[in-house]
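Structure first, then comments.
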Amino acid sequence: MGEVLVLVLRSRRFMIGAVLFLAVLCFGVIGPQLTDRNPFQMAGGLFNPPSEKNILGTDNLGRDVFTQLMYGTGTSLLIGFVAGVVATGIGVTIGAVAGFKGGFVDELLMGITNVLITIPAIVVLILLSIAIKSRSATVMGVIIGITSWPWTARAVRAQTSSLKTREHVDLARISGYTTIELIVKEILPYMFSYIFMAFILQFSAGITNEATLSMLGLGPYQTVSLGVMLHWALLWEAVRTGAWWAFLPPVLFLAVASFSLMLINAGLDEVFNPRLRKS
Amino acid sequence: MKSKFARYLLQKFIWYLVAFFLAVSLNFFLPRLIPGNPVKVLVSQMATGGVQSDALARIYDNYMREFGLDQPMHIQFLRYFANLFRGDLGTSFMLYPGKVSNLIREALPWTVALQIPTILIGWIIGNVLGAACAYKGGRFDAIAFTSALAVSNIPYYCLAIILLYALAVHNPVFPVGGGYSFGSYPELSLSFLLDALHHYTLPFVSMIVVAIGGQAIGMREMALYELTTDYVHYSKALGLSDKKVIRYVFRNAMLPQITGLAISFGTMMGGALVTETVFSYPGIGSLLFTAIRQTDYPLIQGCTLIITVAVLLANFLVDIAYGFIDPRIRAAQLGER
Amino acid sequence: MKNLLEAQNLKAYYRLVGGTQIKAVDGVTLELRPNEVLGIAGESGCGKSTLAAVVSLTHNPPLNVVDGQVTANGFDLLTLPKEEARREIKGKYISVVPQGAMNALNPTTRIQSFAIDMLREHHPEMTKQEAINLARARLQELSLPERVLTSYPHELSGGMRQRTVIVLSTLLNPRVLIADEPTSALDVSSQKAVIRLLMTLLDEQIISSIAFITHELPLLRQVADRIAIMYAGKLVEVGTMEEIIFQPQHPYTRALMGSMLVPERQVRERRVEGIPGVPPDLKDPPAGCRFHPRCAQRIDWCTQEEPPSKTVGDRTIWCWLMH
Amino acid sequence: MVLANALNNSKKQRQPLLQVENLTKVFGSGKHEVVAVEDVSFEIYPGEIISLLGESGSGKTTTARMILRLSQPTRGRILFNGRDIQTMKGIDYWRQVQAIFQDPFSSFNSFYSVHSFLSKAFRLKGNHVSKAQQRALMEESMEKVGLNAEELLFKRPHELSGGQRQRLMIARALLISPELLIADEPTSMIDASSRVGILNMLMELSRDLGMSIMFITHDIGLAYYTSDRLLIMNKGRIVERGPSVEVVENPTNEYTRRLLADVPTLSKKWAL
C-alpha cells in the first residue's frame, strides 16, 4: 500500500487535481462559515459591477455574487458528493450481487441495468425532479445518484464475475465463508481502486448533472448552487447585458471542480492501470 | 449464418422495444406522482393570469378529458399509449390550444441539425486525435491528453456561455442567439442559409470541442491497450511496417469506440439541451426550458419522450452497425465462440 | 557450412524503475547450425525466452541488450538499423512462433488478409491474388485445410490456430524459425500435430533450422538434434540430444532429467527427487557458479569463481567438476 | 508400491470413502446445452491415491468441483462415508474433504498475509482453538511442508515463490487434515525441479495420515508416478479405469492408447 501511495503522490496529474479540488472544497465549505452575509440578501443595486463592497458585484436582484458563489460551491459539492455515494453504492451492490450470483439473478439485474443505460438519464432526472416538488440539496443528490449508477454496476459486475473464478474465492468457500463474506472479503478488496475511481467520476458527474438540471430550472429549493446561479444569469439575460461577474465565476468554479476531479481520476488511473503509462 | 444474424436483429429489436415501453411508462407515471390534481393547479395558475372563468371551466373540462384523470390508472395508461401511436402528444398548457406534437415538429429539425453533425464530426476527429496520442506518446500525448481531459469535463454549456460572452457580447462577431435573424423567415434561400449558418457557428463550436475531447480520451485508452496485444508484437516480428500495424491497431481500437458513439447520444443530451437555451436556439432544449418554467406538463412529457425515442433509435442503429462490423462481436453475440 | 545465427557473449537485462537490473541473459554464446533443431531448455525465469526475443529482434524496453553480438546472414543484428532489419531479416531470414501464439493473430481480420499484408510487405510487386495463391499452395503442401484462409482466428481451434501461425511465419521461407513454447497451451494430440508440421517444414527445406524453446525435455527428446540447458541467465551444458538426455553431466542437467515425470516404468520404480531450493534472484545472482547454492556436489571453487567452459566433441559444459 | 497392491487386495472388504454415482453436469440450456460430465461413477477408498486424468474440456475439473460442493450436479449423487453430501452441513463436509488448486497465484488473496491465509482453516474447526494454539499449529504444519514459519508467517503472497505458495496450500490442508484431498493440477504451474518435491510430500502425507488423494490432472507422467489407480476421462465420460501400471502399459481403450502414443517419453522416439 505504501508503494502505491508514493506512486500516486508522484503523479503530477493527481497532485494538481488534488490541490485544485482542495482549494474549491475549502472555498465552498469553510467560506460560508466565515461570512455573515446571506446569499439571498439585497446587498446593493441590480447588476452592480464588482466593487469594494461586492467583490464580484451583484446579481439581478442586487444580491452579493461572491457570497452566492461560496454557498453555491458548497451546495454543488454536497450534491455531487451525495450523488457519488449513492450512485457508487447502488452500482457496486447491484454489480457485485449480479456478478457473483450469476444465473437468473444476474440476468434480471443486468437486464434492468441495460435498459436504464439506454434510456437517457437526463430524461429520468427531469421527470423525477418534476415529480418531487420540494427538492433539498440532499434529495437532489439522491435523485442524481439513483439515475447514474448503471455504468458502475455493469463494470463492477464484469469484474466480479471474473474475480469470482479466482481460486482464493473457492478456497474461502470451502473454508466455510458465507456469500456476503466472500464478496466483501475476497472480491471487493480487489476492486477497491476501481470503486474509488468510479466514485470520483460519479462525484464529478453529480456536480455537472446538478448544474444541468438547475439551469433547466429544476434545481434545489431555496438554496443557491452553481447551477442555480447560472439559471438566474440565463433567465435574467446576464450574458447579453454583459454582466460577466454574474456568470463567469460559477462557470469557472464548475469547470475547475469537475476538471480537478478528472485529473485526480486520471492520476489514479496511471498508477492502478500501469499499462497506460508509457515507458 | 444469415438466419442467425436475423435472429440477432430481432433480439435487439425486442430489447429496444422493452426499453421503449419502460421509458414511456416512466414518462407516464413519474409526473403522476405529483400530489394533487395537476389540472386544478394549472387552471388556478391561469386564473391568476386573468383568464375568464367560463373559459377556465372549458379548459378544465378539456384537460380532465384529455388526461382522463377521472378514469382509473390503467385506463389512463392505455389511453396514453393509444394517443401516442396516433402521434397525439396532447395539448400544451402554455400555448393552449396548441398541440404538443406541432411544437415539437417545429423544434426538432433544429436540434437534429445541431446535434448529429456535432456528434459525428466530433467522433471522427476525436478518434484520430486519440489514436495519435496513443501512438506518438511523449510530449504530444501529455499536452493533447490533458487538454482533452480539460475540455471534455467542463459541461458543454460552460464553454457555450464563455464563447457567447466573448464572441457575441464582448466582441460582437456572432449573433447573440436564435436560429436565424429576427425578421427573416425559414425558407430555402441562400441568404437564409448563410444567416442560419452564422447563428449555427457558436453552438456548434462549443459542443464539438467537448465532443472531440471525450472521444479522444476513449480512443487513446483503447489504442494504448491494442498496442500491447500479442498480434501487434507478432506482426512486427514478421517485419510488417509500422504503417500496417497502426492500421490494425486503429481499426480494432475503433470498434469499441462505436459503442462510444452510442453512449454520446445519451450523455450529450443534457448538456446539449442547455446549450440550446444558452443560445436561445429554437430546438427541443429551448422548448423544454420554457415548458419547465411554465410547468407545462404535456409539453415537458412530449420533449422527454422525443429525446428518449431519439436516443433509443440511435443506440439501436449503432448496435446493428456494430454487429455488422466486428466479427468477434457478432460471433460472441451469436454464441458461436 | 556457416552457422545461421550466432550469439556471442550476449547480455540482456531488464531495467526496472529505480535503476535495478534483472540479468535475464548474462553472457550467452550459442550458435544455430544449418539443418538442425536446437532445443533451448530450462525452468521459468532462466532466460530462455529473453534469449529468443533478442535473437529474433523482438525485444522491447525495458529489456535492453547491454553487451555482446548477434550475427546472422552476414549482418550484425544488434547494430543493424531498424528499418533494414525489418526489410532484410524479420520474417524473411529469421521468423518466430511466439509464446502463446493463441492471440498472435489479429482477431478482426481473416487469415488471408494477414497473409497478403505479410507477403506484400516484403514483395511489393506481388498482387493480392498472387499472395493468396501462394498461401493456398503452401497450405496444400502442408496438408492443412484451405478454408483456414477465409476464416477468422476465433473460428479455428487452438491447435489449428497454432499451426496457422506457423504457416504464416514461414511463408517467406525463412532460414531460421524461433519457436518459443509453441505447444505449451495445447493438448498432447495437438502438440504432436504441431511438431509434425515443424518437421515437415524442415524436410521440405522450407526452413533450414529451428530454435525450439521449451521447459519440456521429453519433447526435445523427440525433436531436437542438439540441446542447450540454461540456468539463471547462463548456459550450463550444451550437447547433442543423446548426450543431454541420456548422459547428462552437469549436476543441474542431471537433476533436471531426474525430475522428469514420464509414464514409463523407470519413473515408478525409483523415487524421483526434485532439486532443493529455488533459482536465484537475477537482480543479485550468487557469485561463482549460479547453481552452487542448490548443488549437492559443489566444491569450494564453485562459490568463488565462475566456471569456464570445457568442450569435448559436441558437448560443452560450464562446471568446475569437469576441470 | 507394495502399499498400492495391498490396498487393491483389501479394497473389496473396505467401505469406500467417497462414492460418485451417475454424476452428470449440464451447462446452459436448450440449444446451448453442453454436457460437461456424463454419467460418471467411481469410488475412492480410504488411504488411496487416484488420478482423474483427462485433457482440457474432458470434464475432470467440473467433476472435482462437484465433489467439492462448489458446483451442483445436474443428475446423480455423491456419497461420503455412505451419506449423500447434499444432506451434510457445508462446514462438516469441508472439514473432511479439502482441496489444493492449480494456480498458486490466484489461490492467494493478495490483501492478506500468510498468517491470515492459514488462520482461515480454523473456521472449520469451530472456535475452540485458542490463538496461541493456532499459532503453534500453523508453525508445525509449515515445518512439515519444509517452510520456515518464523520467516514467512507475516509475509504477503507476492513475496513468495510459486513453490512456496503451493507448499502453503498443503500446510493449510494439513491444518484441516481432511480424509480426502482433491488436488486439482497442483503442480502444473510449477517448475519441474520443485514439482517432484511437492508430489513426494503429498504422497508421504497420504501414507502417514491415511489421507486419500485424488489428483485432477492432464499430466500422465504425474498420474502414473503418484497414483494407485487411474480414471481416464474423455468428453465427459470415464473411458478407462484400473491400476496405474495396467492402464499405462496395457491400455484397452482407443482414446487411452492414442493419448499414451502422443505423450512424449524418453525411451521411444516418435515416428513422425
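Every chain is numbered from 1, with letters handed out A, B, ... down the list of sequences. Small disclaimer: the values here were computed from a predicted structure and weren't measured.
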I'd like to know if the side chain of E264(C) and the backbone of T265(D) have a donor-acceptor N/O pair within less than 3.5 Å. no
Verify the neighbour count for atom [atom1] of [X]: are there more than 12 heavy atoms of other residues, nucleotides or ligands below 6.0 Å?
X	atom1	value
E150(D)	CD	no
K283(C)	NZ	no
K268(D)	NZ	no

Which residue out of [options] racks up the most heavy-atom pairs below 4.5 Å with chain C?
options	value
A192(D), S193(D), G221(D)	S193(D)
A261(D), S194(D), S267(D), G146(D)	S267(D)
L260(D), V245(D), L259(D)	V245(D)

Work out which heavy atom in [X] is nearest to a heavy atom in [Y]; give both atom names and the distance.
X	Y	value
Q222(C)	P264(D)	CG-CB, 3.8 Å
S244(D)	R268(C)	CB-NH1, 3.6 Å
P263(C)	V248(D)	O-CG1, 3.7 Å

Chain C contact via [X] - side chain, backbone, both or neither, heavy atoms under 4.5 Å:
X	value
R258(D)	neither
S161(D)	side chain
I198(D)	neither

Compare all side-chain heavy atoms of V262(C) with those of V263(D) and state whether any distance is below 4.5 angstrom. no
Check E249(D) with R265(C), please: is the shortest side-chain N to carboxylate O separation under 4.0 Å?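 Yes.
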[options]: which one forms the most heavy-atom pairs within less than 4.5 Å of chain D?
options	value
S44(C), G277(C), A193(C)	S44(C)
V267(C), V272(C), L219(C)	V272(C)
M257(C), R294(C), E273(C)	E273(C)

Quick check on Y252(C) against chain D: is it the side chain, the backbone, both or neither that has a heavy atom closer than 4.5 Å?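 Looking at Y252(C), nothing touches chain D.
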For S189(C) and D262(D), which I'm curious about, is there any donor-acceptor pair between the side chains at under 3.5 Å? no
If you measure from OG1 on T187(D) to CG on L261(C), what distance do you get to the nearest 0.5 Å? 7.5 Å
